[in-house]
Amino acid sequence: MGISYNKIILIGRLTRDPEIKFSTSGTQIATFSLAVDRGKNDETDFVNVVAFGKTAEFIGSYFVKGRLVLVEGQLRIEKYQRDGEQKTAAKVVANNVRFMETKKAAGNGEMTDEEAFGKPETAEVSFGDDVPNDEPPF
């Protein structure tokens, strides 16, 4: 196989609070969905995201519906069968996440000029590849 590269960076708002589960080996798993605007078209994509380990722990502790976040990770395509028909679904496996707005802005939906044009509050967490080897990524 030739050269390949799989990295995705998204900025969007959580559409719901993250769902937290644990794998059979005890690894924490966080799943959530991001609403990501396409830009000029006024269209929005809803992207499913999954994170594992310490990244999932951070997400479970601090991410809430409506919060603007950056997610960096890899695109994964899940293949499955439903009603005898082959289906596919795209998901992002997150390995780096950060907030993209201040707590004040997230709380009331409004920003002062200083908040809007100053440096946003960024709390970054990056733990490398937390995807457990004994668990499927979805």
Side-chain angles (χ1 to χ4, degrees):
M1 183 170 206
I3 297 174
S4 63
Y5 189 71
N6 184 353
K7 183 172 186 173
I8 189 165
I9 299 172
L10 299 168
I11 296 176
R13 294 196 180 274
L14 274 75
T15 62
R16 57 183 165 83
D17 289 343
E19 182 180 325
I20 304 300
K21 296 187 257 184
F22 290 88
S23 69
T24 55
S25 64
T27 302
Q28 191 163 345
I29 303 167
T31 57
F32 60 96
S33 179
L34 277 185
V36 180
D37 292 336
R38 287 189 191 175
K40 297 179 183 178
N41 300 1
D42 281 341
E43 293 183 41
T44 302
D45 290 313
F46 297 92
V47 181
N48 292 319
V49 181
V50 62
F52 299 91
K54 297 214 180 274
T55 305
E57 193 175 314
F58 178 84
I59 290 166
S61 296
Y62 299 106
F63 279 26
V64 293
K65 179 181 177 178
R67 194 77 194 256
L68 183 66
V69 298
L70 177 142
V71 173
E72 182 179 347
Q74 295 180 328
L75 181 64
R76 301 277 172 97
I77 306 298
E78 179 183 59
K79 296 177 183 177
Y80 61 96
Q81 283 199 0
R82 180 176 286 160
D83 300 328
E85 195 174 323
Q86 186 73 20
K87 304 273 185 174
T88 59
K91 291 187 181 183
V92 172
V93 177
N95 56 26
N96 183 10
V97 297
R98 67 173 57 181
F99 297 117
M100 295 302 294
E101 62 189 349
T102 64
K103 287 182 185 177
K104 183 177 179 182
N108 65 16
E110 297 179 14
M111 286 192 260
T112 65
D113 286 345
E114 182 179 312
E115 291 170 329
F117 299 108
K119 184 178 178 184
E121 170 193 352
T122 59
E124 181 177 350
V125 61
S126 181
F127 297 98
D129 190 8
D130 279 343
V131 179
N133 292 331
D134 62 336
E135 297 291 330
F138 306 108

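Quick note: residue numbers are just sequence positions, from 1.
When all heavy atoms are compared, the tightest approach of Gly53 to Thr27 is N-CG2, 3.7 Å. When all heavy atoms of Gly73 and Asn95 are compared, the pair lying nearest together is CA-OD1, 3.9 Å. Closest heavy-atom contact between Thr55 and Ala94: CG2-O, 4.2 Å. Nearest heavy atom pair, residue Gln28 against residue Ala56, reads O-CB, 3.4 Å.
A distance of 5.5 Å separates CD of Glu57 from NZ of Lys54, quoted to the nearest 0.5 Å. Lys79 contributes atom NZ, which lies 15.0 Å from atom NZ of Lys87 (distance to the nearest 0.5 angstrom). Distance check: Ile20 CD1 to Thr31 OG1 gives 7.0 Å after rounding to the nearest 0.5 Å. Of the inter-residue distances, the one linking Leu70 atom CG with Asn96 atom CG reads 7.0 Å to the nearest 0.5 angstrom.
Within 6.0 Å of CZ in Arg82 there are 12 or fewer heavy atoms belonging to other residues, nucleotides or ligands. No more than 12 heavy atoms of other residues, nucleotides or ligands lie within 6.0 Å of CG in Asp42, so this atom counts as exposed by the packing criterion.
Counting heavy atoms from C-beta outward, Thr44 and Val36 have side chains that stay 4.5 Å or more apart. Val69 is not listed as a side-chain neighbour of Val97, based on a closest heavy-atom distance of 4.5 Å or more. Contact of the Ile29 side chain with the Val50 side chain is registered, since non-hydrogen atoms from C-beta on lie closer than 4.5 Å. Proximity of Arg76 to Glu78: side-chain heavy atoms (C-beta onward) are nowhere separated by under 4.5 Å.
Gln81 meets the side-chain contact (heavy atoms from CB on, under 4.5 Å) test with Gln86; sequence neighbours excluded. Taking Lys65 as the reference, nothing meets the salt bridge (Lys or Arg N to Asp or Glu O under 4.0 Å) condition, with sequence neighbours excluded. Among residues two or more places apart in sequence or in another chain, the salt bridge (Lys or Arg N to Asp or Glu O under 4.0 Å) test is passed with Lys7 by Glu72. Legend: residues meeting side-chain hydrogen bond (donor to acceptor under 3.5 Å, both in side chains) with Asp17, ordered by chain and number and at least two apart, are absent.
For residues 11-51, the pairs satisfying ring-ring contact (aromatic ring centres under 6.0 Å, His included) are Phe32-Phe63, with sequence neighbours left out. Evaluation of the salt bridge (Lys or Arg N to Asp or Glu O under 4.0 Å) test over residues 20-34, restricted to residues two or more places apart or in two chains, returns Glu19-Lys21.
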Next on the checklist: Leu14 vs Leu34, test: side-chain contact (heavy atoms from CB on, under 4.5 Å). Steps then yes/no.
Outcome noted: CA-CA 5 Å; Leu14 274 75; Leu34 277 185; 3.9 Å; yes
Next on the checklist: With side-chain contact (heavy atoms from CB on, under 4.5 Å) as the criterion, how do Ile11 and Leu68 come out once you've worked through the C-alpha distance, each side chain's angles and the decisive distance to 0.1 Å?
Outcome noted: CA-CA 7 Å; Ile11 296 176; Leu68 183 66; 3.8 Å; yes
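When the side chains of ILVMFWY residues are joined at heavy-atom separations under 4.5 Å, either directly or via intervening members, Val49 and Tyr62 end up in a single hydrophobic cluster.
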